[in-house]
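What you see below is based on every heavy atom in this structure, not just the backbone, and it leaves out hydrogens, waters and symmetry mates. Order of the sequence lines fixes the chain letters, A, B, ..., with proteins taken first and strands second; residue numbering starts at 1 for each chain.
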There are 4 protein chains.
Amino acid sequence: MIVYFRGMRTRDDDKQTALFEATIKVVNDIGFAASSVSKIAKEAGVSPATLYVYYKNKEDLLVSTYIDIKQDMSRELLVGFDPDGPLRDIFKQVWIQLFEYIAENSSCFHYAEQFANSPYSQLVNTQEIERYFEPLTQVLQHGIDQKIIKNVSFDILKAFIFYPVMMLANPKHCQNFDSSPENIETAFGLAWDAIKF
Amino acid sequence: MIVYFRGMRTRDDDKQTALFEATIKVVNDIGFAASSVSKIAKEAGVSPATLYVYYKNKEDLLVSTYIDIKQDMSRELLVGFDPDGPLRDIFKQVWIQLFEYIAENSSCFHYAEQFANSPYSQLVNTQEIERYFEPLTQVLQHGIDQKIIKNVSFDILKAFIFYPVMMLANPKHCQNFDSSPENIETAFGLAWDAIKF
Amino acid sequence: MIVYFRGMRTRDDDKQTALFEATIKVVNDIGFAASSVSKIAKEAGVSPATLYVYYKNKEDLLVSTYIDIKQDMSRELLVGFDPDGPLRDIFKQVWIQLFEYIAENSSCFHYAEQFANSPYSQLVNTQEIERYFEPLTQVLQHGIDQKIIKNVSFDILKAFIFYPVMMLANPKHCQNFDSSPENIETAFGLAWDAIKF
Amino acid sequence: MIVYFRGMRTRDDDKQTALFEATIKVVNDIGFAASSVSKIAKEAGVSPATLYVYYKNKEDLLVSTYIDIKQDMSRELLVGFDPDGPLRDIFKQVWIQLFEYIAENSSCFHYAEQFANSPYSQLVNTQEIERYFEPLTQVLQHGIDQKIIKNVSFDILKAFIFYPVMMLANPKHCQNFDSSPENIETAFGLAWDAIKF
DNA sequence: GATGAATGAGTGTTCATTCAT
DNA sequence: CATGAATGAACACTCATTCAT
């Protein structure tokens, strides 16, 4: 066991955070294709070489950033999640929280979308990501068993519950959509009509 | 020695087509970020310099390719479009044609998605693109007026009719979805339930 | 068949030569380890990017340069080669020509030595290189058969005929050696005494 | 917490040795060009910064390692050296010991060769190195005076006694040479024939 | 003494684009 | 029209070295 009577220079959490945020900002500003390690480092206020202290390489930087976002997103989505409540309420809560997450973290969300559309996406273990969202899948199955939700494949259900939110909450796609609580509720109404038995 | 006959095409349509297809192929194979003018030219079987005869620069190449795809897509979508038929049938037909277009032209569709997610998308006149799909908007409005379709904003309606298809038809997102006619009909059922009054 | 009624820009032989010479000069001046593509390009008076028009990459540059030197060296060595003359005369002529080649092309020779001592050497087909010198091997065998030369392995014979020349002709190793015709003849005497039956 | 006892070594000899060995290993494994301070430090199991406690800089590391090897080599060469025995026996013994040293310490030897071929070699005092081998030079002179050895310059003699060994003992150059005692004796025979009066 | 963090300067290589032909 | 040659600028990444601890 090594004990230091005088500590060495330690890794700087601020720098890690700065790099994380810079990655998202740069990618959102100029796009995945044009984002370079040097631009991200400059945005973070560190030397490009420093970036390699915190990340193995560009791929690691982009992939780690994506995974961190996805983890954070699933956490936000499932705040106050209660699998024993009424199904419609569960989904409404998740739906609204997803909407709010996207609206409030639009840059993170957009980064994740760009990442998922890039060839880097093949480098992440999709199953691991999906595990974050497993509680939702279980509730869906429960709804199907109780004949509350249509007995169609998960892919179809997800396509109607979550995909439209992503569009509506993203000002890039829906500039006209006014995200007042009423409008969000209205939109959820359509989602529920789609999947309910 | 090349001899020019009268009426001979000076700009070679074959080359233009080759470049169009090469652009999509390369972008889909290696991603937006890694796609370079030289790789696209090589894939098309022409010199990088020749590419500049047909396109002003890289941006022009990418943007033009996107617009061409979108035009073609709207054309396919609206084949046999009859605004006077029953509303549900109209949408069903468009829905299925959209689905088939994506399934059959997945590389074009994927290119368009990557493009739309890139900052290049800011360079295209979105209104012009939307005009291609205007007949659909008119039918939507008609349905609302007749109380066949929910009286909510176009953005919400579109988010539930078209966005889910894009997810379902894209094998990258839905590997498990079996696109048999029955499944497609089932999925359309959810879309209709969502928007119908 | 493509016929150009107006030619395109053609590859510049001067540039190729300049790159060849620059490679040798730089490597000899600062060593294999410190030699970089940019330094070689600068020495040749071209852009680093231009270098990649003529060579696939750094490895190709270094390996091609080595092979070119070796080919040239074997050509010089075998000038006036007559396998039917007296054995001692054959070897004396080759020995002297090797000596002169090394003395006159010391930079090429030194490059080749550095290359052979580098890990890049594993990338060249040694057999192909040795084929250049095959006439000598045949004469050696002939000498052994006729009991003019000691019946020992080729490796030993080569080690005593050619390796000492490389040392003597190389001013880096033998600063004191005066390469007058008499001294060269004397040195050859030792080589012949070593291998003669 | 580290506690210093009285008389405790401050500079760690183990670390010095580890660095010496790591330098040779890394250079032999990946070549002079690719060898970096960090890789050597990692191989030695210390921090790059620690390396600078033992060596002034990279140059010092490489040069010191070379000198250490050369010293060790001369020591091995002259084991049991008796200037009063028969000349042929003296040289035979040295020759065989040189051969064995190279065969047994091929990595050290190869490092030394690479170093000698690099521009770093200009940084070492060659005369100091040669002094290690002075006993041999004296014996040579003695042989010349007694007309046992040809009266030619030292450079020529050395070129025929020692250079061929280096070639034969180096498997990189002579893969086919079987270093059995008989073969080594045979090879020495050629060396002796070359230099003997 | 020993260390991981930090970095400016450099690496090999590819880029989008222009040029002469 | 069509081309291969040519390049400055950028790329991802590693370097030898220093610094604070």
Side-chain angles (χ1 to χ4, degrees), chain A residues 2 4-12 15-16 33-41 46-61, chain B residues 2 4 8-12 15 33-41 46-61, chain C residues 2-12 15-16 33-41 46-61, chain D residues 2 4 8-12 15 33-41 46-59 61:
Chain A
I2 298 172
Y4 300 96
F5 69 103
R6 283 211 264 150
M8 64 206 142
R9 213 187 256 189
T10 51
R11 222 177 241 234
D12 192 339
K15 288 216 172 73
Q16 183 107 43
S35 294
S36 75
V37 168
S38 14
K39 285 171 188 161
I40 291 169
V46 301
S47 157
T50 303
L51 190 149
Y52 288 85
V53 173
Y54 295 88
Y55 298 95
K56 230 176 56 196
N57 50 32
K58 191 188 186 184
E59 177 186 313
D60 184 29
L61 170 68
Chain B
I2 295 171
Y4 291 94
M8 187 179 178
R9 271 201 308 276
T10 44
R11 270 192 181 221
D12 191 338
K15 288 214 174 75
S35 296
S36 74
V37 169
S38 0
K39 283 173 189 162
I40 291 169
V46 301
S47 158
T50 303
L51 190 148
Y52 286 83
V53 174
Y54 295 89
Y55 297 96
K56 227 176 60 196
N57 51 28
K58 192 189 186 183
E59 180 187 307
D60 184 28
L61 170 69
Chain C
I2 298 172
V3 182
Y4 300 98
F5 71 104
R6 285 211 264 151
M8 62 205 142
R9 214 187 255 189
T10 52
R11 223 178 239 233
D12 193 339
K15 288 217 172 73
Q16 183 107 44
S35 294
S36 76
V37 168
S38 14
K39 284 172 188 161
I40 291 169
V46 301
S47 156
T50 303
L51 190 149
Y52 287 83
V53 173
Y54 295 88
Y55 297 94
K56 229 174 58 196
N57 50 29
K58 191 189 188 185
E59 177 187 311
D60 185 29
L61 170 69
Chain D
I2 294 171
Y4 293 93
M8 185 180 181
R9 270 202 308 276
T10 45
R11 272 193 180 217
D12 191 336
K15 287 215 174 75
S35 295
S36 74
V37 169
S38 0
K39 284 172 189 164
I40 291 169
V46 302
S47 158
T50 304
L51 190 148
Y52 285 83
V53 174
Y54 296 88
Y55 297 95
K56 227 177 60 196
N57 51 28
K58 193 191 187 182
E59 179 186 308
L61 169 69

Within the sub-3.5 Å range, which N or O atoms of nucleotides 8-10 of chain F have a protein N or O partner, and how far apart are they?
none

Under 4.0 Å: is that the gap between some side-chain N or O of [X] and OP1 or OP2 of [N]?
X: C/K15; N: F/dA5; result: no
X: A/Y54; N: E/dA6; result: yes
X: C/K58; N: E/dT11; result: no

Roughly, in whole Å, what's the span from [atom1] in [X] to [atom2] in [N]?
X: C/Q16; N: F/dA6; atom1: CD; atom2: P; result: 10 Å
X: C/N57; N: E/dT13; atom1: CG; atom2: P; result: 5 Å
X: A/L51; N: E/dG8; atom1: CG; atom2: P; result: 14 Å
X: C/D60; N: E/dG12; atom1: CG; atom2: P; result: 14 Å

Exercise. On DNA chain E, nearest-nucleotide positions of B/K56 versus C/Y52: which is more 5'?
Worked result: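 Per heavy-atom nearest nucleotide, the more 5' residue is C/Y52.
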For this session: Looking at every strand, decide which applies to A/Y55 at a 4.0 Å heavy-atom threshold: base, sugar-phosphate, or nothing.
Result: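 The residue A/Y55 makes no contact with any strand.
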For this session: Only stems of 3 or more consecutive Watson-Crick or G-U pairs count here, both distances under 3.5 Å; name the ones for DNA chain F, or none.
Result: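 Expected stems, ordered by start: E:2-21 with F:2-21.
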Exercise. B/V37 has a side chain; which of E/dG12, F/dC1, E/dA16 sits nearest to it?
Worked result: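 The nucleotide sitting nearest to the side chain is E/dA16.
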Problem set entry | Atom pair CG/CD1 of C/L61 and C/I40 - distance to nearest 0.5 Å |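 Here the rounded value is 5.0 Å.
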For this session: Identify the heavy atoms of B/Y52 and B/N57 that sit nearest to each other, and give their distance.
Result: CE2-CA, 3.7 Å
Exercise. D/E59: what forms a side-chain hydrogen bond (donor to acceptor under 3.5 Å, both in side chains) with it, not counting sequence neighbours?
Worked result: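 Counting only residues at least two positions away or on another chain, D/E59 forms no side-chain hydrogen bond (donor to acceptor under 3.5 Å, both in side chains).
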